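One structure below.
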Amino acid sequence: MMFKLVKQNNGVGKVSLVGAGPGDADLLTIKALRCIQSADIILYDRLVSEDIRALFPSTTPAFYVGKAMGNHCIPQDKLNELLVEKAQKGFSICRLKGGDPFVFGRGGEEMLALREHGIEVEVVPGITSGIGAAAYSGIPVTQRGYSQACTFVTAYAEKDLNIDWQALAKLNNTLVFYMGLSKLPEITAQLTQYGLSAKTPAALIENGCRVEQRVFTGTLAGLERIAKSNNLKSPSLIVVGQVVELAESLHWFGSLVTAESQMTQLSA
């Protein structure tokens, strides 16, 4: 990636690790918007929505540095070096990430690299999709009488998933899986193997908090079939737990397809 930018001052710049939230531009914090508007350079990820990118000042250079499965625009170590290099040249950088920088966002890795070089860093939290997309789907991740806790799990790994499936299956609370669409067979098999009922309510949320949001509810055992029959794509979130039972009663945004309505459509 080449930059043809020249900073006039000789001071060291600053990096803001900014959470863009799950997609709806109205969910940006005021501080996040200020960072976007005042930066010399914006480096943004794949999950930063088009609505949010429309808020970038037209005079501010913005560069895509996103990562999709098997397709990294720039390796993480090179991105760390780029942040250090541009900050040392005096640029104020808005490093914009979908969701929250410290929730499966590699913000900690980037901050450590910057701190090692004495560069000033601030973190601007954002709404993580595990909360935002669930809320836009009418699913409270905690609810009296349903679940007293919520566990966030990443289903993405460079090699094998290093997850204590037995512990997850016995938690009896809400499980939220990020980046898990391609791992649905393993998620279902492992959780049921260690005792979680295959009939546990579960949901798939595609494009959470965006106008094209789709929500499908059913059971843990039926998730893979639902994903295939409805051609779900990334980004999609998986929610497993009794709280999913509330989705139909609390539905308020986007489309919702329940297991019952799917069966009706198939039999029609």
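Here the structure is a predicted model, which means the values were calculated and not measured.
Using a 4.5 Å heavy-atom threshold, the side chains of Lys97 and Val18 count as separate. Using a 4.5 Å cut-off on side-chain heavy atoms (C-beta onward), Ile139 and Leu250 make no contact. Ile30 places a side-chain heavy atom less than 4.5 Å from the side chain of Arg34. Taking the side chain as every heavy atom from C-beta outward, Trp165 and Leu191 approach each other to under 4.5 Å. In this structure the side chain of Leu17 reaches within 4.5 angstrom of the side chain of Met111, judged on heavy atoms. In this structure, the side chains of Asn230 and Phe216 come closer than 4.5 Å at one or more pairs of heavy atoms.
By the 6.0 Å contact criterion, CD on Glu81 is enclosed, its count of non-hydrogen atoms from other residues, nucleotides or ligands being greater than 12. Atom CD of Glu212 has more than 12 heavy atoms from other residues, nucleotides or ligands within 6.0 Å. Within a 6.0 Å radius of CZ in Arg53, more than 12 heavy atoms belonging to other residues, nucleotides or ligands are found.
Side-chain atoms of Ser249 do not come within 3.5 Å of backbone N or O of Leu246 as any donor-acceptor pair. Listed for the Ser147 side chain is a donor-acceptor partner under 3.5 Å among the backbone atoms of Ala149. Not a single donor-acceptor pair under 3.5 Å links the side chain of Thr174 to the backbone N or O of Cys150.
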Verdict with reasoning, Val239 to Ile205, per side-chain contact (heavy atoms from CB on, under 4.5 Å): CA-CA 8 Å; Val239 184; Ile205 306 168; 4.0 Å; yes
Pair Tyr64-Asp45, side-chain hydrogen bond (donor to acceptor under 3.5 Å, both in side chains): steps then yes or no: CA-CA 6 Å; Tyr64 173 74; Asp45 278 353; over 6 Å; no
Stepwise side-chain contact (heavy atoms from CB on, under 4.5 Å) check, Thr142 with Asn173: CA-CA 8 Å; Thr142 62; Asn173 65 20; over 6 Å; no
Residues Val65, Arg95; criterion side-chain contact (heavy atoms from CB on, under 4.5 Å); working and verdict: CA-CA 10 Å; Val65 293; Arg95 176 68 180 97; 3.7 Å; yes
Audit row: Phe177, Leu204, side-chain contact (heavy atoms from CB on, under 4.5 Å) steps and yes/no: CA-CA 10 Å; Phe177 291 90; Leu204 288 165; over 6 Å; no
Acceptor/donor pairs from residues 114-133 side chains to any protein atom, 3.5 angstrom cut, sequence neighbours excluded:
residue: His117; atom: ND1; partner: Ala113; partner atom: O; Å: 3.0
residue: Glu122; atom: OE1; partner: Lys31; partner atom: NZ; Å: 3.4
residue: Glu122; atom: OE2; partner: Ser16; partner atom: OG; Å: 2.7
residue: Thr128; atom: OG1; partner: Tyr178; partner atom: OH; Å: 2.6

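Under the 3.5 Å distance criterion, with hydrogens and angles disregarded, a donor-acceptor pair is assigned to the side chains of Asn231 and Lys233. Between the side chains of Gln76 and Glu110, at least one donor N or O sits under 3.5 Å from an acceptor N or O. Of the N and O atoms on the side chains of Thr217 and Thr258, not one donor lies less than 3.5 Å from an acceptor on the other residue.
Here the straight-line distance linking atom CD of Gln213 with atom OG of Ser255 works out to 7.5 Å at 0.5 Å rounding. Rounded to the nearest 0.5 Å, atoms CD1 (Ile41) and CD1 (Ile93) are 5.0 Å apart. Annotation: the span from Ile52 atom CD1 to Leu96 atom CG amounts to 6.5 Å, rounded to 0.5 Å. In this structure, CD on Gln190 lies 10.5 Å from OG1 on Thr188, to the nearest 0.5 angstrom. Once rounded to the nearest 0.5 Å, the distance linking CG of Leu168 with OG1 of Thr151 reads 6.5 Å. The distance from the CG atom of Leu27 to the OH atom of Tyr136 is 4.0 Å, given to the nearest 0.5 Å.
Note on Leu47 and Val176: separate hydrophobic clusters, where clusters join Ile, Leu, Val, Met, Phe, Trp and Tyr whose side-chain heavy atoms are under 4.5 Å apart, directly or indirectly. Linking Ile, Leu, Val, Met, Phe, Trp and Tyr whenever their side-chain heavy atoms come within less than 4.5 Å puts Leu171 and Ile238 in one cluster. Grouping the Ile, Leu, Val, Met, Phe, Trp and Tyr side chains by contacts below 4.5 angstrom, directly or via other members, places Tyr194 with Leu223.
When ring centroids are compared, Tyr156 and Phe104 stay outside the 6.0 Å threshold.
Classification of Arg210 and Asp51 as a salt-bridged pair fails, no side-chain N sitting under 4.0 Å from a carboxylate O.
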